[in-house]
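So the structure is just underneath, and the comments pick up after that.
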Amino acid sequence: MSGHTDGLPRGWRLATLPELVGDDGVLTDGDWVESVDQDPNGEVRLTQLADVGDGVFRDRSDRYMTRAKAAELRCTFLEKGDVMIARMPDPLGRACLFPGAKQPCVTVVDVCIVRPGSAPLHTPWLMHFINSPQFRAEVSSLQAGSTRKRISKANLSTIALPTPPQDEQQQIASTIESHFSRLDAATATLERVQRNLERYRASVLKAAVEGRLVPTEAKLAKKEGRSYEPASVLLKRILAERRRRWEEAELAKLKAKGKPPTDGRWKAKYEEPAAPDTTDLPELPEGWCWTSVDAVGDVLLGRQRAPQYLTGRFSRPYLRVANIKDDRIDFSDVEQMDFDDEHFAKYCLKAGDILVSEGQSPELLGQSAIFRGGPEALCFQKTLHRFRPLRGGPSSEYAQLVFRSHVRNGVFMRLGSITTNIAHLTLEKFRASPFPLAPQREQDRIVDSAGRQLSMTDAIDGEVSAQLARIARLRQSILKWAFEGRLVDPDDDEAAGPVARR
């Protein structure tokens with residue numbers, strides 16, 4: 001496109017939102033509606049900030065008020081085609097068009113409503129411009145707030161928008177939507193692939209811990225005419241090690257107190273691990289047995305984050321639930337807390353420990369990762385359980401397969417207690433969680449096979465995520481070209497790509 005004046009394409013001008021809307025249009029914030037003003041049986045729907053997507057109205061609100069209350073509060077009713085601008089993240093300044101609804105709707109005060117009057121303004125063009133990188137850059141420079149950033153309607157109204165004539169606005173919006181429709185189709189396909197990968201990942205994990213992923217040790221032993229050690233024998237050895245460790249620790253405590261035992265009565269304090277409830281558990285193959293997490297590993301809940309520990313002489317880094325992702329640890333944001341030598345010895349992590357989330361959204365409850373060492377010695381907070389396999393027990397890799405399967409197949413969620421949107425897997429519940437124990441040699445084959453299949457799945461998933469990120473960048477590029485006047489040529493009746501107009 002040629003004929004630029006003052007850096008703008010020919011025929012374009014700079015205009016603010018009030019100028020674009022005109023004197024007979026609407027430029028206002030939504031309404032301040034308190035919880036006491038709401039009524040679940042009301043006729044007027046109260047749309048939320050979360051309903052305003054980046055180019056999409058999400059239609060998620062479940063809040064209502066009566067017509068009488070809306071009239072009393074002098075609410076602004078939404079009309080089909082209104083531009084809704086979110087004045088709070090995430091991201092700040094995103095916009096969508098209100099699609100209309102069967103019932104009357106209003107919106108909240110953190111949403112700005114734009115409705116042109118007789119002014120020549122094409123609202124789909126405006127919506128796309130507000131979602132463009134150029135507008136986002138302006139918004140970020142005008143945001144305010146110490147905790148949650150926001151932009152006021154007054155500041156929004158100061159931003160000068162490079163504005164083409166209305167017919168070119170319509171042409172730009174139409175071209176953007178043509179490109180976006182193809183990107184939407186590609187996105188839907190990639191997201192479907194991601195869902196299928198997640199289902200496959202869950203099925204691999206389920207098969208791994210139910211004895212259906214590799215030939216069982218019992219079948220191989222019969223085929224090869226040899227004997228094998230069933231999991232029940234392995235479990236006896238693990239439980240003997242568990243008791244030996246307890247007695248060793250208890251004896252050391254008694255001696256430290258100057259009370260060396262004169263007989264064996266102190267051993268009677270030992271508590272056997274509780275057997276899991278197998279009522280709703282699947283039947284395991286020959287050679288396997290059900291036990292509990294507490295039977296096969298040492299479980300410890302992390303240290304509470306209390307004010308008195310936030311500063312001190314022994315400030316050390318620790319991990320919290322935000323650091324634990326599915327089968328990986330994010331070390332990019334590690335906080336510090338005071339751990340003296342005694343507490344450091346108790347809560348310091350060792351390679352092979354598994355960290356399991358204690359509090360999390362229900363579908364992610366129990367999400368875990370193996371600690372394989374870090375840049376420095378690390379402890380862990382009370383939002384995490386530490387599982388340390390007993391010597392001679394299951395490997396960390398096998399236990400991690402069990403825990404990941406429990407997340408995806410809802411075992412931890414069923415055991416957890418849910419308050420509002422957060423679920424908790426208490427220490428008692430985690431210790432009593434069912435643990436399917438396989439013969440040792442079979443565990444090794446399961447870990448090897450599951451590792452290969454899950455690695456392949458992760459690689460494909462990573463490629464899909466990269467393509468989705470590329471599409472997101474391409475959307476922003478299309479918007480950027482559009483509002484630099486490089487996406488369409490008003491003098492050309494034939495649609496062309498952005499390269500043709502550079």
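For clarity, every value in this text was computed on a predicted model and none was experimentally measured.
- Within the 4.5 Å cutoff, side-chain heavy atoms of Gln443 are placed close to those of Leu437.
- Residue Leu415 comes nearest to Pro434 through the heavy atom pair CD1-CD, 4.2 Å, listed as atom of the first residue, atom of the second, then distance.
- Within the 3.5 Å criterion, the main-chain N or O of Lys325 finds no donor-acceptor partner in the side chain of Arg328.
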Which is it for Arg244 and Glu248 under the salt bridge (charged side-chain N to carboxylate O under 4.0 Å, His left out) test, yes or no, and what are the steps along the way? CA-CA 6 Å; Arg244 185 198 67 78; Glu248 185 179 85; 3.1 Å; yes

CA sep, side-chain torsions, deciding dist, call: Arg63, Asp37, salt bridge (charged side-chain N to carboxylate O under 4.0 Å, His left out): CA-CA 10 Å; Arg63 300 184 185 183; Asp37 300 323; over 6 Å; no

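- Here the shortest heavy-atom pairing between Phe380 and Leu301 reads CE1-C, 3.8 Å.
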Please test Glu397 against Arg372 for salt bridge (charged side-chain N to carboxylate O under 4.0 Å, His left out), starting from the C-alpha separation and ending with a verdict. CA-CA 11 Å; Glu397 286 75 15; Arg372 302 185 187 278; 3.2 Å; yes

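- The nearest pair of heavy atoms linking Met127 to Leu97 is CB-CD2, 4.0 Å.
- Other residues, nucleotides and ligands contribute at most 12 non-hydrogen atoms within 6.0 Å of the CZ atom of Arg265.
- Between Phe403 and Phe387, the ring centre distance stays below 6.0 Å.
- Ring geometry for Phe412 against His406 counts as perpendicular: the plane angle is over 60°, on a 0 to 90° scale with 30° as the lower cut.
- In this structure, Arg303 forms a cation-pi arrangement with Phe339, its terminal cationic atom sitting closer than 6.0 Å to the ring centre and no more than 45° off the ring axis.
- With no hydrogens or angles considered, no side-chain donor-acceptor pair links Tyr64 and Glu43 at under 3.5 Å.
- Counting heavy atoms from C-beta outward, Arg475 and Thr187 have side chains that approach closer than 4.5 Å.
- A distance of 8.0 Å separates OG1 in Thr216 from NZ in Lys222, rounded to the nearest 0.5 Å.
- The environment of Asp280 atom CG is sparse: at most 12 non-hydrogen atoms of other residues, nucleotides or ligands sit within 6.0 angstrom.
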Go through the steps for Arg60 and Asp51 under the test salt bridge (charged side-chain N to carboxylate O under 4.0 Å, His left out), then give the verdict. CA-CA 6 Å; Arg60 296 174 179 173; Asp51 291 326; 5.9 Å; no

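- Counting only N and O atoms by type, the side chains of Tyr200 and Gln453 include a donor and acceptor under 3.5 Å apart.
- A side-chain donor from one of Ser315 and Gln336 sits under 3.5 Å from a side-chain acceptor of the other.
- Judged by distance alone, the side chains of Ser292 and Asp294 never bring a donor and an acceptor atom under 3.5 Å apart.
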In sequence, state the C-alpha distance, the side-chain angles, and the governing distance for Phe314 and His343, and then conclude on ring-ring contact (aromatic ring centres under 6.0 Å, His included). CA-CA 10 Å; Phe314 305 100; His343 289 95; over 10 Å; no

